[in-house]
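Take a look at the structure below.
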Amino acid sequence: TMTEQGRDLPKAYVPADFEGAIYERWLEADVFAPDGAGARPDPSLPPFVIIQPPPNITGALHLGHALTFTLEDVMIRHARMQGHETLWLPGLDHASIAAQYVLDKIIAAEGETRESLGRERYLERMWRFINETREVMLGQERRLGASADWGRLRFTMDEGSARAVRVSFKQLYDDGLAYRAEGLINWCPGCRTSVSDLEVIPTPETGTLWSIRYHLLDDVTGEPSADDTITVATTRPETILGDTAVAVHPEDDRYRALVGRKVRIPFVERDVPIIADEVVDRAFGTGAVKITPAHDRDDHATGVGHGLPMISVLADDATITEAGDGYAGLDRYEARKRILADLKSRGDLAGEKPHEMLIGRCQRSNDVIEPRLKTQWFVKTGPLAEAALSATRSGETRIVPARFEKVWENWLTNIHDWNVSRQLWWGHRIPAWYCPDGHATVSAEIDGPERCEVCGRGPGELTQDPDIFDTWYSSGLWPFSTLGWPDRTEDFRRYYPGSVMETGYDIIFFWVARMMMTGIHLTDAAPFHTVYLHGIVKDPYGQRMSKTKGNVVDPLEAIDTAGADALRFGLLNGTSPGNDQKFSSERLEDGRNFANKLWNATRFVLGARPASIADAAEAVLREPAAAALGPTERWIRSRAAATVMAVDRAYEDHNYGEASRVLYDAIWAGFCDWGIELAKVRLADTSVDEAEREATWWTLVDALDTYLRLLHPIMPFVTEALWGALPHAADDPELLIVARWPKAGEVAPELEQQVEAVLELIRSVRNARAAAGVAASSRLPLALAVPASLEPVVRALAPAIERLARAAPLTFTADGAALAVASGSAARALSVVAGQIEAAILLGEGDAGASGAADAGERARLEKELGQAETALASSRARLADATFLAKAPPHIVDGARAREAELADRVEKLRASLA
RNA sequence: GGGCGAUUGGCUCAGUGGUUAGAGCACGCGGUUCACAUCCGCGGGGUCACUGGUUCGAAUCCAGUAUCGCCCACCA
């Protein structure tokens, strides 16, 4: 009853009081797993599988994770409500280099190092570390509301992944797509490992370009000439020690005669040839380039092309090797200083100047990367990339938003082979064994091969490669390694390939491309149908969030202050696919306020229930009787139907920001501000019969039910809590999470237009009163002139007009002339022109404060309205006067313009009359 | 060097050919109406970065320019 309002729900919206309990109910009901006891899939629909990037196990989650989990959860909840059997398989990534980087810092604080612990104890320490972080991270995901199938939780270092790594690598090797070779790799001296091209960050820096004179050998004596020199330019003088040639452009007249002669490399006293090669840019530096094939990518290519010796002068710790002769053992930068000093004292330092350059730094440690020659394992990417490209070109896999297809094409077209060896400990050991003769045998068996496949030597003589795989190698197997591959398990058959792979665009190459490449080769199918890429969450100033900048927002803190629903809404609302977003506390507040609004709207509806319904939650949801529906009820129903359609469209487009915006507007500005306010009138009107009042209430319940369902994927906790307090249909489940997605009812555009006309009248009356300074509390008589087409609706909604426009009594007159008469009967009147409806607010003495000022305000308002109408009318007429417009524009546009013109002409006329 | 994105009210962002470009926040005025002050009502505020083009019609499509951001790329 009306006196027991809010009985069923706490008065205040306090998310912390119920979010945890709701999550527990979902777990108890076992609805997350596709085969869970509480899942209610429709067997006629195909399974829906979401693929998530397993977060690095290194620590706490940040807002980017919160966004990714929110999007995944929105998609999976939507699909679940649609009736799809859903699988969201959660997991964690061992993140080898990132994890080692973090652990190294932790053990450093304990006075230990990687070396002091040794491989075995280091790995034990790592397992201890991640066993702590794992629970913290999973707890965070649950707080956010992630409805993942925790029973299928996987880790990229578990035995399933390990086996997939071994088997896949063996297969790639057998298929000629994995090979071991000496190649130029990116070496990080800080991490003591090679890293992939993607992990090298080109960083702009001002370096120095030194010019150095190399002495040519005298043709006759074979000794370096004192003054016959060629000057080369370099930013890394320490690499002189590894020079094996000097290159010039073949058509460079300055040097043409020198090609074929030799120079002596200083300090190492090596005689090397001057060669001609078109890679040399004549305009840069001196036009002569020193060639260090073991330490520069260009030079390496040149060295291969010309058959030059490749001399490694840098060791693992970036000190100079024995090949560096007198500089051996020095750090690379110390050696650089000494070499420069020595060149200067020899008189061979020809010049130096500041030089803007890009220097490669390690994504992890920020150390300067050194290109080095190493024997490593590589994955041959050419054929794999080709297959990945055909999958996207054929549409087997679709990228959302589509603009990323171009980046995708470009990267996969110019891809280099993938160096997968890492000189780290935390990760999957490369399943390659070597015999004393150096033959390699790749095996998928955990204990390695029986014997060397080349020379047949036995197991006692084989040793496994000490290196591990690049983390992304195992991540790349994720979509199928988690489903039991290489076995054709039931899960694999049922859930592979996945439906949507959701991740940030920043790992499209690291992860998405690798999954596609290995996935297609190993399983003969692209691992997912849709790639959905989200943008980066940045701080309020547009800066990327990072621990070092100290601008990270902790999702847990946000949840603690505003609730998980608020955070989820804040992360989605006003965003679009693939675009970065700035996150600020205002977004969080928007979400919290919205949830609060919904909470209170539901409290109102519950409290307004008819006396015949003792307990709303126990009542059976009923369609209101059609005959008992008034314009308000029909309008509410039509709006709800239109919202279902708009939200469906947004979901189809993967436009979740749009879905949230549509719902925010429909629920707040539509349902609450107008629907409930209009409904209140009839609910409180005792002159209306009981059946009609009940129909109004059921209309509110029905609409609210629809909105809660539509909003559930985005704000699951508050919608679940509220839905539980409302009546349900007989075939509804206990929990909203497994309830069915609503189907759109009928939209009634004509009825909507008529009701909108009344709303416009109410707004206009409010506006006129405010502009004239009428006291908000005073009720004033309102005279109305309503066209016949609108009269039934206006009369039906008269009580609402009285209440919402604070107008009473209402009098209806035949036309504008009669209205003028009615106005004349009052001390003064405020004219209102709202669409086709004219009205006069009749003022008594003293109703509008100082009447002079009020008159001026009133006049100004009407003049402004008239001005706007006249401008619009003029442009409308100009358009209709244009013969080409009439001839070429489609008929419905022309008709619309005509109607518009008539409407405006009418409005102008009425406003002029009011001002006269 | 190549590519992508952004540029819309003070701020954050929607809006991909058709009335007078929208929202939230912020701002101003008013509000103790029995869901909500985490609220309600009313209002002010934008020549849609610039130039040109296509079109009956452009914030929207095309070309170019500028600024900012990002990605890719082997000038030592």
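Convention: sequence-line order gives letters A, B, ...; per-chain numbering from 1.
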Salt bridge (charged side-chain N to carboxylate O under 4.0 Å, His left out): which pairs involve residues 571-600 of chain A, sequence neighbours left out?
A:K538-A:D580

Provide, to the nearest angstrom, the distance between the CZ atom belonging to A:R587 and the C1' atom belonging to B:A14.
11 Å

Closest-nucleotide mapping onto RNA chain B: is A:R803 or A:H892 further toward the 5' terminus? I mean the 5' end.
A:H892

I'd like to know if A:K597 reaches the base of B:C36 with its side chain such that a donor and an acceptor end up less than 3.5 angstrom apart.
yes

Taking the P atom of each, how far is B:C50 from B:A66, in whole Å?
16 Å

Each nucleotide in nucleotides 67-76 of chain B should get exactly one letter: B, S or -. Can you fill that in based on protein heavy atoms under 4.0 Å?
--S-SSBBBB

If every non-hydrogen atom of A:L9 is compared with every non-hydrogen atom of A:L722, which pair is closest and at what distance?
CD1-CD2, 3.5 Å

Considering only atom C1', compute the distance from B:A6 to B:G15 and round it to an integer number of Å.
15 Å

If you look at every strand shown and take non-hydrogen atoms under 4.0 Å, does A:T292 touch a base, only sugar-phosphate, or nothing?
nothing

Salt bridge (charged side-chain N to carboxylate O under 4.0 Å, His left out) partners of residues 665-678 of chain A, not counting sequence neighbours, each pair once:
A:E677-A:K680

OP1 or OP2 of B:C42 less than 4.0 angstrom from a side-chain nitrogen or oxygen of A:R766, does that happen here?
yes

Once you apply a heavy-atom cut-off of 4.0 Å, does A:E677 come out as touching a base, just sugar-phosphate, or nothing?
base

Taking atom C1' in both B:G22 and B:C48, what distance in whole Å separates the two?
12 Å

Across the strands shown, which category fits A:L886 at heavy-atom distances under 4.0 angstrom: base, sugar-phosphate, nothing?
nothing

Measure the distance from CZ on A:R779 to P on B:U33 and round it to the nearest whole Å.
13 Å

Rounded P spacing from B:A58 to B:A21 in Å:
14 Å

For A:F671, enumerate each residue passing the ring pair (Phe, Tyr, Trp, His ring centres under 6.0 Å) test, keeping only those at least two apart in sequence or located in another chain.
A:Y707

In terms of the nearest nucleotide of RNA chain B, which residue is placed more toward the 5' end: A:R661 or A:R806?
A:R661

Given the rule that a pair is Watson-Crick or G-U wobble with both distances under 3.5 Å, how would you write RNA chain B in dot-bracket, using | for pairs to a different strand?
((((((((.[[[[.)..(...]]]].(((((.......))))).....[[[[[..)....]]]]])))))))....

Looking at A:W668 versus A:Y664, is the centre-to-centre ring distance below 6.0 Å?
yes

Between B:G45 and B:C11 - C1' atom distance, rounded Å
13 Å

When all nucleic acid strands are considered with a 4.0 Å heavy-atom cut-off, which category describes A:K582: base, sugar-phosphate, or nothing?
sugar-phosphate

Under 4.0 Å protein heavy-atom contact, by nucleotide of nucleotides 25-32 of chain B - B base, S sugar-phosphate only:
S----S--

Give every residue pair that meets the salt bridge (charged side-chain N to carboxylate O under 4.0 Å, His left out) criterion with at least one member in residues 287-297 of chain A, sequence neighbours excluded.
A:D197-A:R297, A:R236-A:D296, A:D243-A:K290

Show every ring-ring contact (aromatic ring centres under 6.0 Å, His included) that has at least one partner inside residues 278-306 of chain A, sequence neighbours left out.
A:F284-A:H355

Got a sec, which residues hit side chain to side chain contact (heavy atoms under 4.5 Å, CB included) with A:V280, two or more places apart in sequence or on another chain?
A:A247, A:H249, A:V289

In this structure, how many angstroms lie between the C1' atom of B:G24 and the CD atom of A:E658, rounded?
15 Å

For a quick check under 3.5 Å, do A:W408 and A:T392 share a side-chain donor-acceptor pair by atom type?
yes

Could you tell me how far B:A14 sits from B:U7 if I compare only their C1' atoms? Round to whole Å.
15 Å

Could you tell me how far apart A:N600 (CG) and B:C40 (C1') are, to the nearest whole angstrom?
13 Å

Only counting residues at least two apart or in another chain, list the ones meeting ring pair (Phe, Tyr, Trp, His ring centres under 6.0 Å) with A:F885.
none

Using a 4.0 Å heavy-atom cut-off across all strands, classify A:S576 as base, sugar-phosphate, or nothing.
sugar-phosphate

I'd like to know if A:K11 reaches the base of B:A35 with its side chain, counting only an N/O donor and acceptor under 3.5 Å.
no

Start with the C-alpha gap between A:W599 and A:F594, add the side-chain angles, then the distance that decides, and say whether ring-ring contact (aromatic ring centres under 6.0 Å, His included) holds.
CA-CA 9 Å; A:W599 181 271; A:F594 184 39; over 10 Å; no

Results of side chain to side chain contact (heavy atoms under 4.5 Å, CB included) for A:A601 - residues two or more places apart only:
A:C672, A:I676

Starting at NZ of A:K888 and ending at C1' of B:C56, how long is that distance when rounded to a whole Å?
7 Å

Atom CZ of A:R769 and atom P of B:G43 are separated, to the nearest Å, by 14 Å

Under 4.0 Å between a side-chain nitrogen and a carboxylate oxygen: does that hold for A:R898 and A:E901?
no

According to side chain to side chain contact (heavy atoms under 4.5 Å, CB included), who are the partners of A:A595, at least two apart in sequence or on a separate chain?
A:Y13, A:M715, A:V718

Look at all strands and tell whether A:R763 reaches a base, only sugar-phosphate, or nothing, counting heavy atoms closer than 4.0 Å.
sugar-phosphate

Whole angstrom value for the distance that separates P of B:U16 from CG of A:N655:
9 Å

Whole-Å distance between B:A58 C1' and A:F885 CZ?
15 Å

Can you tell me if A:K406 touches the phosphate of B:C4, counting only side-chain N or O atoms and a distance under 4.0 Å to OP1 or OP2?
yes

